[in-house]
Amino acid sequence: VSGMLVGFFGLDSLAPPQVAVGYETVYWIHIATILGFLVYIPGSKHLHLLAAAPNVFCKPLQREKAIAKSDLENESLESFGLGKVSELNWKRVLDLYACTEGGRCEEQCPASNTNKPLSPKKVVHDLKADLLDQADIILGGDVDNVAPIVRDGAPITDDVLWSCTTCRACEDICPVNIAHLDLIIEARKYQVLMEARFPPEVQETFTNLENQANPWGFSADGRADWCKDMDIKLMSDHPEAEVLWFVGCAGSFDDRGKRVSRAMARVLQRAGVDVAILGPEEACNGDMARRAGNEYLAQMLIQQNVETFEQYKPRKILAGCPHCYNIIKNEYPQFGARYPVVSHAEMLLDLVKQGRLKTSGHSLGSLTFHDSCYLGRWNGIVEPPRELLRAVSNGQLTEMQRIGNQGFCCGAGGGRMFMEEALGTRINVNRAAEGLAT
């Protein structure tokens, strides 16, 4: 290429001194441009060129499937959660600097896709801008005068924080491993615990969880009413059961959920599984409260279940709800409860492979499958439910466009199931339309 350019510009006819001068001139222009850009990088949006590599290097060796536990017993802490940018630890600051602002997270975000004010990319950018704007105050040690993240006129508003479904699509697609959810959930935690600031409709849900250990406020004594006529044993009567089935709140109280539980119970009985439930001893798993920022209530519910588990020491825990599965498997160990946990899809497929369950041979027609975020994206359980469905439908499984790790949220995660969805269009309708299109 250089030889061609020499001929094109007639440089081969220049005298050696002229060539040397031209070379030195272009060389130093090049070097000055590079060095000038290096000086420009730290104070510009191109800072990610320096921060991205160390941020990827410092990511957890194993993918984190749990949100951070707050030490609520630590009396030296003046606040909980993330209220000001001065409270960011070094890793979260590195996350902010590493953002390339490429927008992949925004393209995948169900809130952003349905015209909500949340954009994961913008949250990171706004936090970085806030940090840089208040840098002099922070470096001067005057942290008491650092403005809160959520304040009048700030880009991060209540609607931004509470639009998140915690589906984790943003983190999964991010090329530089930014932990968007840590920022959002910690900010929610501060708003709930320190400011008592959250969507008003959630207050009733929190009260129901506190009083009856379920989000609807049904009597805790009625948790086993769904199986009164089914000869499903309680752990209190059959503590040596092979499997402890953690039914969950929806499976115990919601009308459609109860039909699912009854169907699951019939299948387990047909397969001869020695299963028992906790019944009135079961409390909400704590997922809704934790992801809605109420860490205190979540820990109360988790600790109640952990103490029950410790009483029976189950050999295996079956969870039909993806949220129950995720939190018991990945977050209960924070509280000392480490037990084998299996999802309903995994257990049913295993029973089919063992020959303990046999399909009737009747085709169920064309089926499609929605990947729950907490089963698929959070825990990588993508193939077992599909393999099971193919077994019972003679292979007729029609996939939606967004599946597996690229699946689209139903809109109910992150406590959103118990909040109104008044902004933009409904996430569940978006997903249902995609299912109908198959």
Engineer: Give a yes or no on whether the backbone of Pro54 and the side-chain of Lys59 come within a donor-acceptor separation of less than 3.5 Å.
Structural biologist: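 No; judged by distance alone, with no hydrogens or angles, the pair does not exist.
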Engineer: For a quick test of reading the model, state the closest non-hydrogen atom pair linking Glu295 to Ser70 and the distance between them.
Structural biologist: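 The answer is OE2-N, 3.3 Å.
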Engineer: For the residue pair Gln269 and Asp231, what are the closest heavy atoms and their distance?
Structural biologist: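 Taking Gln269 first and Asp231 second, the nearest heavy atoms are NE2-O, 3.7 Å.
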Engineer: Look at Glu87 together with Lys84 and state whether they make a salt bridge at an N to O cut-off of under 4.0 Å.
Structural biologist: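 Looking at Lys84 together with Glu87, the answer is no, because their closest N to O distance does not fall below 4.0 Å.
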Engineer: Could you go through the side chain to side chain donor-acceptor pair (under 3.5 Å) check for Glu434 and Asn430 one step at a time?
Structural biologist: CA-CA 7 Å; Glu434 187 175 0; Asn430 184 300; over 6 Å; no
Engineer: To the nearest 0.5 Å, what is the distance between OH (Tyr296) and CG (Leu193)?
Structural biologist: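 These two atoms lie 10.5 Å from each other.
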Engineer: Look at the aromatic rings of Tyr332 and Phe309 and report parallel, tilted or perpendicular, splitting at 30° and 60°.
Structural biologist: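 Tyr332 vs Phe309 ring planes: tilted.
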Engineer: When you check the gap from the basic side-chain N to the acidic O, do Lys122 and Asp126 get nearer than 4.0 Å?
Structural biologist: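 Salt bridge between Lys122 and Asp126, a charged N being under 4.0 Å from a carboxylate O: yes.
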Engineer: Any Lys/Arg nitrogen of Glu387 or Arg390 sitting under 4.0 Å from an Asp/Glu carboxylate oxygen of the other?
Structural biologist: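 No, no charged N to carboxylate O under 4.0 Å.
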Engineer: More than 12 heavy atoms of other residues, nucleotides or ligands under 6.0 Å from CD of Gln401: yes or no?
Structural biologist: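 Not buried by this count: 12 neighbours or fewer within 6.0 Å.
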Engineer: Side chains of Asn326 and Asn285: do they bring a donor and an acceptor to under 3.5 Å?
Structural biologist: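 Absent: no donor and acceptor within the cut-off.
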Engineer: Strictly below 4.0 Å, N to O, side chains only: are Glu346 and Lys329 in salt-bridge contact?
Structural biologist: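 The answer is no: the pair does not qualify as a salt bridge.
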Engineer: Please tell me whether Phe198 and Phe206 form a close aromatic pair, meaning their ring centres lie under 6.0 Å apart.
Structural biologist: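 Yes - the distance between ring centres of Phe198 and Phe206 falls below the 6.0 Å cut-off.
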Engineer: Passes side chain to side chain donor-acceptor pair (under 3.5 Å), Ser119 versus Glu106? Steps please.
Structural biologist: CA-CA 5 Å; Ser119 160; Glu106 187 176 270; 2.6 Å; yes
Engineer: Looking at Arg402, I'd like to know if its CZ atom is crowded, meaning that more than 12 non-hydrogen atoms belonging to other residues, nucleotides or ligands lie closer than 6.0 Å.
Structural biologist: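 More than 12 within 6.0 Å, yes.
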Engineer: Give, for atom CG of Asn208 and atom CG of Asn214, the distance between the pair rounded to the nearest 0.5 Å.
Structural biologist: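 Atom-to-atom, Asn208:CG and Asn214:CG are 6.5 Å apart.
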Engineer: Taking NZ, NE, NH1 and NH2 as the nitrogens, is one of them in Arg386 or Asp371 under 4.0 Å from a carboxylate oxygen of the other?
Structural biologist: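 Salt bridge: yes.
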Engineer: Okay, side chain of Glu421, backbone of Ile427: is any donor-acceptor separation there less than 3.5 Å?
Structural biologist: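 Yes: the side chain of Glu421 pairs with the backbone of Ile427.
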Engineer: Can any side-chain N or O of Thr368 pair as donor or acceptor with the backbone N or O of Thr398 at less than 3.5 Å?
Structural biologist: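 Looks like yes, one N/O pair under 3.5 Å.
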Engineer: Which heavy-atom pair separates Ile178 from Ala98 by the least distance, and what is that distance?
Structural biologist: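 Answer, listing the atom of Ile178 first, then Ala98: CD1-C, 4.3 Å.
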Engineer: Quick check on the 6.0 Å ring-centre criterion: do Phe418 and Trp216 meet it?
Structural biologist: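 Ring centres of Trp216 and Phe418 closer than 6.0 Å.
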Engineer: Can you measure from CD (Gln334) to CD (Gln299) and round to the nearest 0.5 angstrom?
Structural biologist: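 Gln334 atom CD to Gln299 atom CD measures 8.5 Å (nearest 0.5 Å).
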Engineer: Please determine whether the number of non-hydrogen atoms from other residues, nucleotides or ligands lying under 6.0 Å from atom CD of Glu399 exceeds 12.
Structural biologist: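 Check passes, neighbour count above 12.
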Engineer: Please walk me through it: do Glu171 and Arg377 pass salt bridge (Lys or Arg N to Asp or Glu O under 4.0 Å)?
Structural biologist: CA-CA 10 Å; Glu171 292 187 9; Arg377 189 178 294 111; over 6 Å; no
Engineer: If only atom types and distance count, is the side chain of Arg188 paired as donor or acceptor with the main-chain N or O of Leu161 below 3.5 Å?
Structural biologist: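 The answer is yes, because a donor-acceptor pair under 3.5 Å joins these two groups.
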Engineer: So that I can tick it off, tell me whether Lys258 and Asp255 are bridged by a salt bridge, with the cut-off set at under 4.0 angstrom between side-chain N and carboxylate O.
Structural biologist: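 Counted as a salt bridge, because a side-chain N and a carboxylate O are separated by less than 4.0 Å.
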Engineer: Should Leu268 and Trp245 be marked as a side-chain contact (heavy atoms from CB on, under 4.5 Å) after you check the CA-CA gap, both sets of side-chain angles, and the distance that decides it?
Structural biologist: CA-CA 10 Å; Leu268 293 174; Trp245 179 10; 4.1 Å; yes
Engineer: Is there a donor-acceptor pair closer than 3.5 Å between any side-chain N or O of Asn55 and the backbone N or O of Val176?
Structural biologist: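 Yes, Asn55 side chain to Val176 backbone: donor-acceptor pair under 3.5 Å.
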Engineer: Does the side chain of Trp378 come within less than 4.5 Å of Cys167's, by heavy atoms?
Structural biologist: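 They are not in contact (no side-chain heavy atoms under 4.5 Å apart), so the answer is no.
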Engineer: Tell me yes or no: between the side chains of Gln304 and Thr308, is some donor less than 3.5 Å from an acceptor?
Structural biologist: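 Their side chains do not contain a donor-acceptor pair, so the 3.5 Å distance test is not met.
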Engineer: Examine distances only and state if a side-chain atom of Arg291 and a backbone atom of Gly415 form a donor-acceptor pair shorter than 3.5 Å.
Structural biologist: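 Such a contact is absent between Arg291 side chain and Gly415 backbone.
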Engineer: Any idea how Phe218 and Phe253 line up, ring-wise: parallel (<30°), tilted (30 to 60°), or perpendicular (>60°)?
Structural biologist: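 Geometry flag for Phe253 against Phe218: parallel rings.
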Engineer: Could you check Thr166 against Tyr374 for side chain to side chain donor-acceptor pair (under 3.5 Å), going step by step and ending with a plain yes or no?
Structural biologist: CA-CA 9 Å; Thr166 68; Tyr374 277 80; 2.7 Å; yes
